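Quick caveat, the model's predicted, so the values are computed rather than measured.
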Amino acid sequence: MAQVLDEHAPLPDGWSERHVAGMAVYRNNYRTALVEAMRATYERTARWVGDEAFARAAAHHLIHHPPAGWTLDVIGQGFAATLADLFAHDPEVPELAALEWAMHTAFTAPDAAPLDAAGFAAATAGFAEEDWQAMALLPLPGCALVPVAHDLPALWRALGTGDGEPSPARALAQPGTLLVWREGLNPVFRPLDPAEAIGFSAILRGAGFGEICAALVDRLGEQEGIERAGALLGQWIAEGLIAGIRR
């Protein structure tokens, strides 16, 4: 395995040209298999940049970040950062890869049953005000926020159809945020407005509900902020984004 992974490793003494050629075949097959595994994770990114450019970028990433885990699920980790360097003049490319990685991570995340409205009501029955303030919402495993500066939903749809060449990615007037999660077996995403992005970001870092309310009050004002926090709480539970609560 050490010989396969390191193209410059010295080969054992006494190897014939046939042995050397055989090792080259093994090395090429191994690298090709890893590139194809990355292509399966980043299908839309590969379609957007083209097969040849993707293969070069994937090989570059694998050389600098060789697989360190036991499963192919993790070999694409950090690819978006690699693409940010390689496609510095095409910033939508690393954004698209970051979205695909978040979708992939959501798909492979552990299973968890979402908390429904009845379960939430039972869990919070008898809460005092301080309990509501301290209550932390536990998101479904695999939930993630992806910052974007381009219309990734439109690009995602265009690349998913495979009908002709997609139009250039449209830059957003203001940077946005996509929320990624899994519904059943299907990873999905949707754009968030700035207030919801603030609220869900607080969830992901383990903030209490009181902190979420305070952040929204700072942005929207006292009455609208508190009302929006309550509305978002109901929306997140209805969408199945919350796995439980902690206080």
Side-chain angles (χ1 to χ4, degrees), residues 31-110 139-162 165-183 186-192 194 196-198 200-201 203-205 241:
R31 184 175 296 133
T32 299
L34 291 183
V35 169
E36 290 308 308
M38 288 189 64
R39 193 187 304 276
T41 299
Y42 295 98
E43 289 183 357
R44 283 173 167 82
T45 304
R47 200 170 299 148
W48 181 241
V49 302
D51 289 339
E52 185 177 345
F54 181 85
R56 289 199 304 268
H60 176 87
H61 179 76
L62 291 165
I63 289 169
H64 291 278
H65 306 280
W70 63 271
T71 170
L72 290 176
D73 285 339
V74 301
I75 68 165
Q77 188 170 16
F79 190 42
T82 297
L83 293 176
D85 292 333
L86 298 179
F87 291 85
H89 300 294
D90 301 288
E92 82 284 353
V93 174
E95 288 183 18
L96 179 59
L99 176 57
E100 288 207 272
W101 180 251
M103 300 279 278
H104 171 77
T105 302
F107 179 74
T108 58
L140 283 183
C143 281
L145 297 179
V146 179
V148 293
H150 295 80
D151 188 356
L152 265 290
L155 182 59
W156 185 272
R157 290 190 297 270
L159 291 168
T161 63
E165 190 71 19
S167 301
R170 182 179 65 85
L172 299 173
Q174 297 292 333
T177 305
L178 301 177
L179 170 61
V180 177
W181 76 101
R182 191 177 76 203
E183 288 184 343
N186 299 314
V188 296
F189 69 88
R190 66 172 176 83
L192 305 184
E196 186 176 6
I198 289 171
F200 210 88
S201 177
I203 288 178
L204 292 178
R205 68 172 185 268
L241 294 168

> Which heavy atom of Leu204 sits nearest to which heavy atom of Cys143, and what is that distance?
CD2-O, 4.0 Å
> Testing the basics here: between Ala169 and His150, what is the closest heavy-atom pair and its distance to 0.1 Å?
O-CD2, 4.0 Å
> Would you mind reporting whether Pro139 and Phe200 have side-chain heavy atoms less than 4.5 Å apart?
yes
> Quick one, Met103 with Arg44, criterion side-chain contact (heavy atoms from CB on, under 4.5 Å). Give me CA distance, side-chain angles, the key distance, then yes/no.
CA-CA 12 Å; Met103 300 279 278; Arg44 283 173 167 82; over 6 Å; no
> How long is the span from the CD atom in Glu100 to the CZ atom in Phe79, to the nearest 0.5 Å?
10.0 Å
> With rounding to the nearest 0.5 Å, note down the distance linking CD1 in Ile203 to CD in Glu196.
8.5 Å
> Within the 4.5 Å heavy-atom criterion, are Leu96 and Leu159 side-chain neighbours or not?
yes
> Before you tell me yes or no, could you show the steps for Glu95 and Val146 under side-chain contact (heavy atoms from CB on, under 4.5 Å), namely the whole-Å CA-CA distance, both residues' side-chain angles and the distance that decides it to 0.1 Å?
CA-CA 8 Å; Glu95 288 183 18; Val146 179; over 6 Å; no
> Give me the atom names and distance for the closest heavy-atom approach of Ala106 to Pro187.
CB-CB, 4.3 Å
> In Å, rounded to the nearest 0.5 Å, how long is the span from CG of Leu178 to CG of Leu152?
6.0 Å
> Does any non-hydrogen side-chain atom of Leu72 lie less than 4.5 Å from one of Leu34?
yes
> Do Leu99 and Val148 touch side chain to side chain, with heavy atoms closer than 4.5 Å?
no
> Going by heavy atoms in the side chains, are Leu179 and Leu241 under 4.5 Å from each other?
yes
> Passes side-chain contact (heavy atoms from CB on, under 4.5 Å), Asp51 versus Arg39? Steps please.
CA-CA 9 Å; Asp51 289 339; Arg39 193 187 304 276; 3.3 Å; yes
> Write down the atom of Gly69, the atom of Val74, and the distance for their closest heavy-atom approach.
CA-CG2, 4.1 Å
> To the nearest 0.5 Å, what is the distance between CZ (Phe54) and NE2 (His61)?
9.5 Å
> How far does CG of Asp151 sit from CZ of Arg157, to the nearest 0.5 angstrom?
6.5 Å
> Shortest non-hydrogen contact from Ala197 to Leu145?
O-CD1, 4.0 Å
> Once rounded to the nearest 0.5 Å, what's the spacing between atom CG of Leu155 and atom CZ of Arg47?
10.5 Å
> Between Tyr42 and Gly76, which heavy-atom pair has the shortest distance, and what is it?
OH-O, 2.6 Å
> Between Arg182 and Ala109, is there a donor-acceptor pair closer than 3.5 Å when you use the side chain of the first and the backbone of the second?
yes
> Check whether any side-chain heavy atom of Thr108 sits under 4.5 Å from a side-chain heavy atom of Thr71, and report yes or no.
no
> Going by heavy atoms in the side chains, are His60 and Thr82 under 4.5 Å from each other?
yes
> Between Met38 and Leu62, is there a side-chain heavy-atom distance shorter than 4.5 Å?
yes
